[in-house]
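One structure is given here, and the rest of the page talks about it.
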2 protein chains.
Amino acid sequence: MVTIYDIAKKANVSPMTVSRVINNAPNIRNKTREKVEIAIKELGYIPNSAARSLISNQTKTLGLILTDISNPFFSKIARGAEDAAVQMGYRVLMSNTDEDSEKEINYIDMMLSARVDGVLIAPTSDKTLEQIERFKRHHIPVVLIDRLIEGFTGDYVLGDSYEGSRKLVEHLIDNGHHNIALINGPSNVSTARERKRGYIETLKLNDLPVYEHYISEIDYRNIEEDSAKIIVDRLIRSEPEKRPTAIFAANNFIAISVMKAVKELGLQVPKDISVVCFDEVEPVVYFDPFFTVAAQPANEMGKIGIQFLMERVEQKQVISQRKVVLPPDIHIRKSTRKINSRFSRKGET
Amino acid sequence: MVTIYDIAKKANVSPMTVSRVINNAPNIRNKTREKVEIAIKELGYIPNSAARSLISNQTKTLGLILTDISNPFFSKIARGAEDAAVQMGYRVLMSNTDEDSEKEINYIDMMLSARVDGVLIAPTSDKTLEQIERFKRHHIPVVLIDRLIEGFTGDYVLGDSYEGSRKLVEHLIDNGHHNIALINGPSNVSTARERKRGYIETLKLNDLPVYEHYISEIDYRNIEEDSAKIIVDRLIRSEPEKRPTAIFAANNFIAISVMKAVKELGLQVPKDISVVCFDEVEPVVYFDPFFTVAAQPANEMGKIGIQFLMERVEQKQVISQRKVVLPPDIHIRKSTRKINSRFSRKGET
DNA sequence: ATGAAAGCGCTAACAA
DNA sequence: TTGTTAGCGCTTTCAT
C-alpha cells in the first residue's frame, strides 16, 4: 500500500508536506504542490481513511438501519438518504433488521464499532429506545425515520399516518362504506398505532360504530405466510350484515396479501370488497394505477432525515428537536368503489 | 471515547491484556478475563475499527456498487449480498451509480479510500474495466454481478440473458408471432448484447427475418422520459403488415414504459400486442401475475457474488476464475397471447 | 513555506 | 500468563 512516506520520498519532501497537499492546505509553494501531485498520480496514492479517522475522530460514514431494503418504501428511503449523504461527502453503511430486534442489536453493535458519525434508523419497535441510548452515550446523533418512539428526544421524519388514515377512511365512508375492517401492523410500531387511531376517530366522527372484530394485527415478519388470508377469510365468512365491505390494509405489503387472499377466496376487488392502503404499490402504478392509497414521500423522507442528521453531525446550529411529519398524497383509484350503504348511519334518515 | 487504556486502568492490567481479552486470545487467566470483561461492560467499551484496520490492513467492509437500489432487481441483489456479508462478519457500503460512469468513478474513489476488502459491482458499461483495474492495482478483489465485461479476469455471477431471450422469443414464435420487436438496453452493457443475440438467433433458427427497424435501444437513464413511447409509437404506426404483434422489452423497467405507451396509444396488452420482458414485475406478481417474464434469481445472485468475493478476500482456495451463469425462470402469463400468423414462415406450407 | 516529533487506538513481536 | 515496545498512516503542534 502506498503511503505519504512513499510520496514524500518520491517528491523529495517531508511526509508533512504531502499531508498538506492532499488536504489543500494553504502556504504551499506551487512548485512543491505540483511535485507532490505528480508523485501521487504516478504511485496511485489514495489516503487511508482509517488513519485519518483515528486522528480526526470522525469516519465520514453514516449508518442506515432499515427493516428491509427490498421493500420499495424502504428502498426509496435508502435512495434518498444515500444520495443526500454522498452529496455531503459521507459514506453509507446499510443494514436490514427484518423487524427483528436481535438483528437490530447486532447491527447497532456493528455501527458502533464502525464508529459511524451518525445514524438514521427506522426502529423495529418501541423497545429500540434502549439501543438508541447506546448511541447517545457515545455522542452519536440519531435521527428517526418513518417510526416514532415515545420518549425519544431528537429529530425525526415521519409520514403522517394519522392524517392519511383519516382521509382513506373518510373516502370509504363517503362512498357508502360503513363496515370497514382494519388489518394493521404490530401495535408496538408507531405507524400502526397512528393508523389505528385515525381509523377509529374517523369512524366515531362519522357516527359509525367501532367493532373490535373488524380490527386485526399482522406481524410484518409473517406477511409472507397465511396470516392475511386467515384474517380475510374470517372477515368474509362473518354474517352477511357484519361482513365488511372494505378493508383498510395498513401498508402495501399487507394490501398485496389481502388482494391475494381475496382472490383465492373467489372474490373481486372492488366489486365484492374495496381495499385501501398506505404506500404506493409500484411499479404497476405507472401503467395501471389500481390501488387507492396514501402515498408517502419516501425518497424525500430519506433525504430530509440525512439533512437533519448531518446538521447534528457537523454541529451546525444545534437547534432544538425538529419534528417533521409529511402528509401523504391520497390517490383515489380502482380498488375502491361506491356502494349503497346497507344500513343508515346514526342520525341519518 | 473509551479506549483499552481506560479499561486497563480500571481492571488493573496492561492494555495488552485488554486487547487479548477482546480478541479471545488463549492463555489468559479466567479471573483476569473476568476483571477485564466487567470493566468493559461498565464503561461500555467498543473496539475502534479504524485502529484495528490500521494494523490488520483489513476493514471488514465490502463495497456494493449497483446502479439503483430502488430498482427491485437490484434491491434484491443488495439484500442477498448484505445478508451474506453480515453472516460472514462483514459490513457493506452501498452506492448507486445511476448508470453514470462519472458517479461510478466517484464511488470507486470512495471505496478505495474506505479501503474496502472487496467489491461486488454491476458495472455501468464496458468502460468500467479501467476502473476495475484500479482495484486490482490495490489488490482488492472484485466480483462482477449481473453484467460481464470482456477482458475482465475474475469471478462473476450473471443471469443467462442469452438463454432467457431464446426462450422468451421462442414462446412468442410458438404462439404465432413472427413480427417481434426488441426494445433493448444500451449495447455497451453485456446483458443487452446477450439479449439481442438471443433474439436474433432465435429468429434465424426459426427461419424468420431479422428487421433492423424492429430493434431499438433505450438508455437506462432516460426510461422515465418518453423514449419508450416514441419507439412504441413508431412501431405501431408502421404499415399494417410490418407492425409487430409482440414486443420483447429487455427488462422490467422498459416493459413498464412500454405498457404505459401502449395504453396511451389506445391499445391493449395482450389483445393488440403481446409483451415479454426480463425480471419479475413485483409485487403485482403476487396477486395478479400478468407479465410473461424471464425471472432472474436476484437474491441468489447477490448471495453467490458475496460468497465468491469472500473466498477471494480471505484467500481460501484461490481457484481459477469462477463463472456462474444462472438460468432465468420463464413464466408464461397474461401479457402474451396466441395469434394467427399473418404470414407463413419460410418453408411452411 | 517546510519539517520533526508526538500521538490517535490498537496489536505483533518480543521479553519477563 | 502478563507486560513493554514499537509502529500501522496520518495530522496536530511546534519549530525552523
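Numbered from 1 within each chain, the chains take letters A, B, ... in sequence-line order.
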Taking atom C1' of D/dG3 as reference, at what distance in whole Å does atom CD1 of B/Ile28 sit? 12 Å
Apply the side chain to side chain contact (heavy atoms under 4.5 Å, CB included) test between B/Arg33 and each candidate in B/Thr17, B/Val13, B/Asn24; give the one that qualifies. B/Asn24
Looking at B/Thr32, does any N or O in its side chain come under 4.0 Å of the phosphate oxygens OP1/OP2 on D/dT2? yes
A/Leu112 atom CG is separated from C/dG9 atom C1', nearest whole Å, by 16 Å
Within the 4.0 Å limit for protein heavy atoms, which parts of nucleotides 6-16 of chain D are touched? Write it as a string from 5' to 3', B for base, S for sugar-phosphate only, - for none. -BBBBBB----
Rounded off to whole Å, could you give me the CZ-to-P distance for the B/Arg33 and D/dT1 pair? 10 Å
Considering only NZ, NE, NH1 and NH2 on the basic side and carboxylate oxygens on the acidic side, decide whether B/Glu104 and B/Arg134 come within less than 4.0 Å. no
Determine whether B/Pro141 and B/Leu309 make a side-chain contact, defined as any pair of heavy atoms from C-beta on separated by less than 4.5 Å. yes
Range-with-range stems of DNA chain D (Watson-Crick or G-U pairs under 3.5 Å, three or more in a row): C:1-16 with D:1-16
With a 4.0 Å cut-off on heavy atoms, is B/Ser53 in touch with a base, just the backbone sugar-phosphate, or nothing at all? nothing
Residues A/Lys10, A/Asp6: salt bridge by 4.0 Å N-O rule: no
Salt-bridged, A/Lys303 to A/Asp83, with N to O below 4.0 Å? no
Run through B/Asp68, B/Asp98, B/Asp109 and flag the one making a salt bridge (charged side-chain N to carboxylate O under 4.0 Å, His left out) with B/Lys103. B/Asp98
Just wondering, are more than 12 heavy atoms of other shown residues or ligands nearer than 6.0 Å to NZ in B/Lys136? yes
Side-chain H-bond candidate by donor/acceptor type, A/Tyr90 with A/Glu314, under 3.5 Å: yes
Separation of A/Asn12 atom CG from C/dT2 atom P, in whole Å? 13 Å
In whole angstroms, the gap separating P of C/dT2 from CD of A/Glu34 amounts to 12 Å
